[in-house]
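All remarks here apply to the structure that follows.
Computation of the quantities below employed the complete heavy-atom set of this structure, encompassing side-chain atoms and omitting hydrogens, waters and symmetry-equivalent molecules. Atoms within each ligand, like the ligands themselves, are counted from 1 in listed order.
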Amino acid sequence: MKDCVLFSKLSENTVQCSACCHRCTIKDGATGICGVRKNYHGILKLLVWNKPTGVAVEPVEKKPLFHFLPGTPIFSLGTFGCNFGCLFCQNAMTSQLSKTDRWKGMYTKFLNQLKEWPPEKIVSYCTQNTISSIAFTYNEPSIFTEYTVDVMKLAKKSGIRGVFVSNGYQTKECLDYIEPYIDAFNIDLKSFRTEFYQTICNAKLQPVLDTIQRIYEMGKWMEITTLVIDGKNDSDEELTDIAKFIAQISPDIPWHLSACHPEYKMTDIRVTPKSTLQWAYEIGRQTGLHYVYLGNISNNAHAHTLCPTCKTILIERNYFDVANNSMKRGACPNCHTHIPGIWG
Ligand code: SF4
Ligand code: SF4
């Protein structure tokens with residue numbers, strides 16, 4: 001447990017958290033919506049500091065990030081809690097445990113049992129195993145921002161890069177706080193409908209759009225993911241709206257379209273048909289996006305990075321493996337078109 005930085009006092013014992021756009025007002029002894037930031041007599045504390053629920057070394061392609069150090073392993077960690085309550089959450093056992101009254105006892109017990117991963121241990125693991133980046137992922141990292149910054153302050157001294165895989169609900173203060181330490185983002189744009197965010201995620205759409213714009217203006221590398229859900233966000237109009245929004249910021253932002261499987265409280269849907277994803281891909285390309293990728297499907301012809309000018313296959317992927325990378329210093333070897341990203 002550690003004191004939070006992103007909060008202010010409203011009165012002697014009441015605080016307001018400023019890590020995400022819920023901006024919870026939190027009374028003494030209570031936690032915010034995410035369940036991991038608790039008010040102790042007027043000081044907001046981060047309950048999950050040092051306490052990831054899981055750590056793993058994964059291919060960076062799994063985040064997904066396709067234009068960021070391709071083919072390299074990334075140290076990945078997440079914690080309990082989340083500021084969203086997505087009905088389709090694939091990590092609900094950890095992301096929602098801290099928020100469900102029925103599970104609160106289990107949460108406290110599990111939290112006490114978790115192995116500690118202080119910044120020194122994470123950075124030492126990465127340097128010993130030649131791992132060049134760290135991802136804060138699995139649940140929403142802005143709810144444990146202070147832990148991510150403590151890890152990255154140390155990691156930066158060893159030249160390690162930081163990644164946020166996020167739902168994009170950070171406040172401007174949060175983005176400013178992490179800006180020196182985080183090099184790349186994958187932001188979920190789950191829908192382009194206010195109602196979807198309200199009824200399915202317990203959040204709002206506009207703050208996510210604002211975050212995407214801000215990250216682009218900060219000059220950070222960013223890729224966007226949309227989990228395409230059968231009958232929920234897969235209309236031509238909505239997919240076109242998302243593609244247009246991304247394209248007007250920059251057609252060079254990669255858009256990942258992933259298949260959704262029935263999970264958590266959304267077990268009544270069918271797995272996203274491949275034909276839907278294929279159609280979404282066409283919408284993205286016709287809207288002008290240069291890099292559209294499909295994910296969570298087999299026999300995937302749209303996992304490769306193609307030169308947008310001459311169509312040469314630059315990075316060939318087989319699931320999360322990079323089978324071949326023919327790029328030369330961030331450019332197409334055939335026509336020399338610059339390919340945006342962080343290449344090493
Ligand atoms: S991070 Fe948690 S406590 Fe802070 S505003 Fe968001 S949901 Fe509320
Ligand atoms: S934002 Fe991600 S981790 Fe949080 S509830 Fe939604 S799907 Fe789960």
request  = Give the total of protein N/O/S atoms at a distance below 2.8 Å from atom 8 (Fe) of ligand 2.
outcome  =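 There are 1 of them.
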Verify the distance criterion only: is there a donor paired with an acceptor across the side chains of [X] and [Y] at less than 3.5 Å?
X	Y	answer
Ser258	Asn296	no
Gln198	Thr194	no
Asn139	Asn91	no

message = Going by ring pair (Phe, Tyr, Trp, His ring centres under 6.0 Å), name the pairs with one or both residues in residues 207-253, residues two or more places apart or in two chains.
response = His67-Trp221, Phe192-Phe245
key: Member of Thr337, Thr309, Asp252 meeting the side chain to side chain donor-acceptor pair (under 3.5 Å) criterion with His290   =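 Result: among Thr337, Thr309, Asp252, Asp252 is the only option passing the side chain to side chain donor-acceptor pair (under 3.5 Å) with His290.
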request  = Identify, with sequence neighbours excluded, every residue that meets side-chain hydrogen bond (donor to acceptor under 3.5 Å, both in side chains) alongside Trp279.
outcome  =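 Testing Trp279 for side-chain hydrogen bond (donor to acceptor under 3.5 Å, both in side chains), a comparison that skips the adjacent residues, returns Asp236.
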task = Can you check the number of protein N/O/S atoms within less than 2.8 Å of atom 4 (Fe) of ligand 1?
result =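 Every protein N, O or S atom under 2.8 Å from atom 4 (Fe) of ligand 1 counted, the figure is 1.
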task = If you have a sec, work out which protein heavy atom is nearest atom 3 (S) of ligand 2 and how many Å separate them, to one decimal?
result = Tyr138 O, 3.7 Å
ask   = How far is atom 2 (Fe) of ligand 2 from its nearest protein heavy atom, and which residue and atom name does that atom have?
value =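 Scanning the protein heavy atoms, the shortest distance from atom 2 (Fe) of ligand 2 goes to Lys190 NZ, 4.1 Å.
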query = Could Arg193 and Glu237 be called an ion pair, given the rule that one side-chain N must be under 4.0 Å from one carboxylate O?
reply = no
ask   = Are the charged groups of Arg214 and Glu179 less than 4.0 angstrom apart, N to O?
value = no
key: side-chain contact (heavy atoms from CB on, under 4.5 Å) partner of Glu223, chosen from Leu65, Ile253, Val165   =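 Result for side-chain contact (heavy atoms from CB on, under 4.5 Å) with Glu223: Leu65.
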query = Are any of the side-chain heavy atoms of Cys21 and Lys204 separated by less than 4.5 Å?
reply =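 With C-beta onward as the side chain, the pair stays apart.
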